[in-house]
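My questions all concern the structure below.
FYI, the numbering just counts along the sequence from 1. Remember, it's 1-based here, ligands and their atoms both numbered in the order they're listed.
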Amino acid sequence: MTKKIVALPGDGIGKEIMDSTLKIMAEIMVQEELDFDIQAFPFGGAGIDQEGDPLPEKTLTACKDADAILLGAIGGPKWDAAPKRPEQGLLALRKALGLFANIRPISVPDAVIHLSPLKEKNVKGVDFIVVRELTGGIYFGEKKRETDQASDLCTYTKAEIQRIIRKAFEIARTRNKKVTSVDKANVLATSKLWRETAEEVAQEFPDCTLEHQLVDSAAMVMIQRPKDFDVLVTENLFGDILSDEASVIPGSLGMMPSASHSESGPSLYEPIHGSAPDIAGQDIANPMSMILSAAMMLRQSFGMEATAKRIERACDKVMAAGVLTKDLGGTAGTLEFTEAVIKELRI
Ligand code: NAD
Ligand code: IPM
Ligand code: MN
C-alpha cells in the first residue's frame with residue numbers, strides 16, 4: 001500500500017539535508033520497489049514567505065493526513081523580527097499533532113570515536129536515549145511581556161507527566177531497563193509533581209529501575225560518565241538543552257536524529273539541530289542527522305528494520321572510509337557525502 005510522506009524542508013540547511021535525504025529515499029524506493037508518495041510543503045520561514053504563515057493551513061492538513069512527516073529545520077535571521085516566527089510554526093505543528101514524545105538517541109559510531117572531544121574510554125559504547133516531553137511545560141504556558149517585566153508560565157498536569165514517563169519505561173523495557181528521570185525537584189513545583197509521578201508510574205514497571213537526577217548534576221554526569229544512562233526522561237526545556245549537550249559526545253549536532261510520537265496519528269522525524277544559518281547554502285552541512293531521521297521513520301513508522309539498518313550502516317561505512325563533512329573535520333560536501341552513501345547502498 002502507498003505510504004504518504006510529507007516532507008517539510010524548511011529553511012537554511014533544512015533544504016540541503018532534505019534534498020540529500022530524498023535522494024537516499026529515492027534510491028531505497030527503487031532498490032526495494034517501495035511505494036512511497038513523498039510531497040513537499042512550505043513550513044517555517046518558507047511558509048511565511050510563500051503563504052504568510054509559518055504553518056500554512058494546507059501544510060497542516062497534509063501533515064494530519066500523512067503516514068509520516070520528515071522535517072528539515074526552520075528559522076533564521078531573516079524572520080527574527082517577523083510578527084510570527086518560524087519557531088512558532090514548529091511549536092504549533094507539534095501541538096496540533098499531539099507529538100508529546102520526542103525520542104533523541106545518542107550513540108557514537110565507531111568510525112568517529114576518535115573525533116569526540118571527550119576521552120575515548122568514556123565515549124566508546126555510549127548508547128542512550130533522551131525522551132523529551134514535547135508539548136507541555138514552559139514552551140506552551142502563558143507568556144506576558146510588559147516594558148520592564150516578562151514571564152513564561154511552566155505548567156504540567158499529572159496526565160502529561162504520566163504518559164511521557166510511561167513512554168520512557170516502555171522504551172527502557174526494550175533496552176537495559178534503566179530510567180533516569182531528570183528534574184529540578186529541589187526548586188520547582190512542576191518538578192516535584194514530575195518526581196512523584198515518575199515514582200508512581202515506576203510501580204507499573206517492576207522489571208525496570210528508576211533513578212532521579214537533578215538537571216544541573218545530570219548535565220555534568222552526561223559529559224563525565226555518559227555510559228551511566230540508558231533512557232533519560234525529562235521535561236521540554238531541560239530535554240532541549242540536554243540533547244544539544246549530548247551531541248558533544250559523538251562530536252557534532254550534524255549526526256543527531258529524532259522522532260516525535262503522539263498517542264495515535266502520524267509521527268514526525270527531524271534532526272535535533274536548527275537551520276544553521278552560519279553554514280547554509282555552502283554545501284557543507286552534515287546530512288546524517290536528516291538521513292538517520294528518515295531511517296528512524298522507516299523503523300518506527302513502517303516497521304522496516306532491515307532497511308533502516310542498511311542506511312545506518314551505509315553512513316557508518318562512508319565515515320569509516322574517511323568521507324567526513326566539515327563539522328567532523330573532513331572536507332566532503334553535503335552532496336559528496338550523500339553520493340557516497342548512495343554508492344555504498346548499491347554494493
Ligand atoms: P543550530 O542548531 O542551527 O546550529 C548550531 C551550530 O551547529 C552551528 O554552528 C551550526 O553550523 C552547527 N550545525 C547544526 N547542524 C549542523 C549540520 N547538520 N552540519 C554541520 N553543522 C551543523 O542552532 P542556532 O544557530 O542556534 O539556530 C539557528 C536557527 O535554527 C534559529 O532560528 C533556531 O530557532 C532554529 N532552530 C530550529 C530547530 C528546528 O527546526 N527543529 C532546532 C533548533 C534551532
Ligand atoms: C529543537 C529546537 C526547537 C525547540 C525550537 C526551534 C523551537 O530547538 O527542536 O530542539 O526548542 O524545541
Ligand atoms: Mn533544540
Q: For the pair F128 and F229, name the ring-plane relationship: parallel under 30°, tilted 30 to 60°, perpendicular over 60°.
A: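 F128 and F229: tilted rings.
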Q: Mark yes or no for whether K326, through its side chain, and A332, through its backbone, hold a donor-acceptor pair below 3.5 Å.
A: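 No: the side chain of K326 does not pair with the backbone of A332.
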Per-pair distances, ligand 1 N/O vs protein N/O, less than 3.5 Å:
residue: ligand 1; atom: 2 (O); partner: G274; partner atom: N; Å: 2.7
residue: ligand 1; atom: 3 (O); partner: G274; partner atom: N; Å: 3.3
residue: ligand 1; atom: 3 (O); partner: S275; partner atom: N; Å: 3.3
residue: ligand 1; atom: 3 (O); partner: A276; partner atom: N; Å: 2.8
residue: ligand 1; atom: 9 (O); partner: D278; partner atom: OD2; Å: 2.8
residue: ligand 1; atom: 11 (O); partner: D278; partner atom: OD1; Å: 2.8
residue: ligand 1; atom: 11 (O); partner: D278; partner atom: OD2; Å: 3.0
residue: ligand 1; atom: 15 (N); partner: H273; partner atom: ND1; Å: 3.3
residue: ligand 1; atom: 18 (N); partner: H273; partner atom: NE2; Å: 3.2
residue: ligand 1; atom: 18 (N); partner: N286; partner atom: O; Å: 2.9
residue: ligand 1; atom: 19 (N); partner: N286; partner atom: N; Å: 2.9
residue: ligand 1; atom: 30 (O); partner: I74; partner atom: O; Å: 3.3
residue: ligand 1; atom: 30 (O); partner: S275; partner atom: N; Å: 3.1
residue: ligand 1; atom: 30 (O); partner: S275; partner atom: OG; Å: 3.4
residue: ligand 1; atom: 32 (O); partner: G76; partner atom: N; Å: 3.3
residue: ligand 1; atom: 32 (O); partner: E87; partner atom: OE2; Å: 2.8
residue: ligand 1; atom: 34 (O); partner: E87; partner atom: OE2; Å: 2.4
residue: ligand 1; atom: 40 (O); partner: I74; partner atom: N; Å: 2.9
residue: ligand 1; atom: 41 (N); partner: E270; partner atom: OE1; Å: 3.0

**Q.** For ligand 2, the portion of I272 having any non-hydrogen atom under 4.0 Å away
**A.** backbone
Q. Does an N or O anywhere in N236 fall below 3.5 Å from an N or O of ligand 2?
A. no
Q: Name the orientation class of the two ring planes belonging to W194 and Y156 (parallel below 30°, tilted from 30 to 60°, perpendicular beyond 60°).
A: perpendicular
Q: May I ask which of I241, D244, L134, L90 has a heavy atom nearer to atom 5 (C) of ligand 2 than the others do?
A: L90
Q. Which atoms from ligand 2 have a heavy atom of E87 less than 4.0 Å away?
A.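 So the answer, numbered in order with elements, is 6 (C).
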Q: Enumerate the residue pairs fulfilling salt bridge (Lys or Arg N to Asp or Glu O under 4.0 Å) with a member in residues 61-71, sequence neighbours excluded, ordered by first and then second residue.
A: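 Counting only pairs at least two positions apart or across chains, the salt bridge (Lys or Arg N to Asp or Glu O under 4.0 Å) contacts touching residues 61-71 are K4-D65.
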Q | Cationic tip of K184 above F238 ring, under 6.0 Å, 45° of axis | A |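 No cation-pi geometry.
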Q: State whether the shortest distance between N or O atoms of R104 and N or O atoms of ligand 2 falls below 3.5 angstrom.
A: yes
Q: Considering heavy atoms of the protein only, find what lies nearest to atom 8 (O) of ligand 2 and give residue, atom and distance to 0.1 Å.
A: D240 OD1, 3.3 Å
Q: Return yes when atom NZ of K124 has more than 12 non-hydrogen atoms of other residues, nucleotides or ligands closer than 6.0 Å, and no otherwise.
A: no
Q. So is Y139 polar-close to ligand 2, meaning N/O to N/O under 3.5 Å?
A. yes
Q. What protein N/O/S atoms are found closer than 2.8 Å to the Mn ion (ligand 3)?
A. D240 OD1
**Q.** Side chain proximity check, F43 to L90, heavy atoms < 4.5 angstrom
**A.** yes
Q.
For a quick check under 3.5 Å, do E160 and Q162 share a side-chain donor-acceptor pair by atom type?
A.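 Distance-only check fails for E160 and Q162.
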Q.
Below a 4.0 angstrom heavy-atom separation, can you tell me which part of Q88, side chain or backbone, both or neither, approaches ligand 2?
A.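 Neither; no heavy atom under 4.0 Å.
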Q. Among all protein non-hydrogen atoms, which one is nearest to atom 3 (C) of ligand 2, and what is the separation to 0.1 Å?
A. R94 NH1, 4.0 Å
Side-chain donor-acceptor pairs under 3.5 Å in residues 271-278, sequence neighbours left out?
residue: H273; atom: NE2; partner: S289; partner atom: OG; Å: 2.8
residue: S275; atom: OG; partner: G75; partner atom: O; Å: 2.8

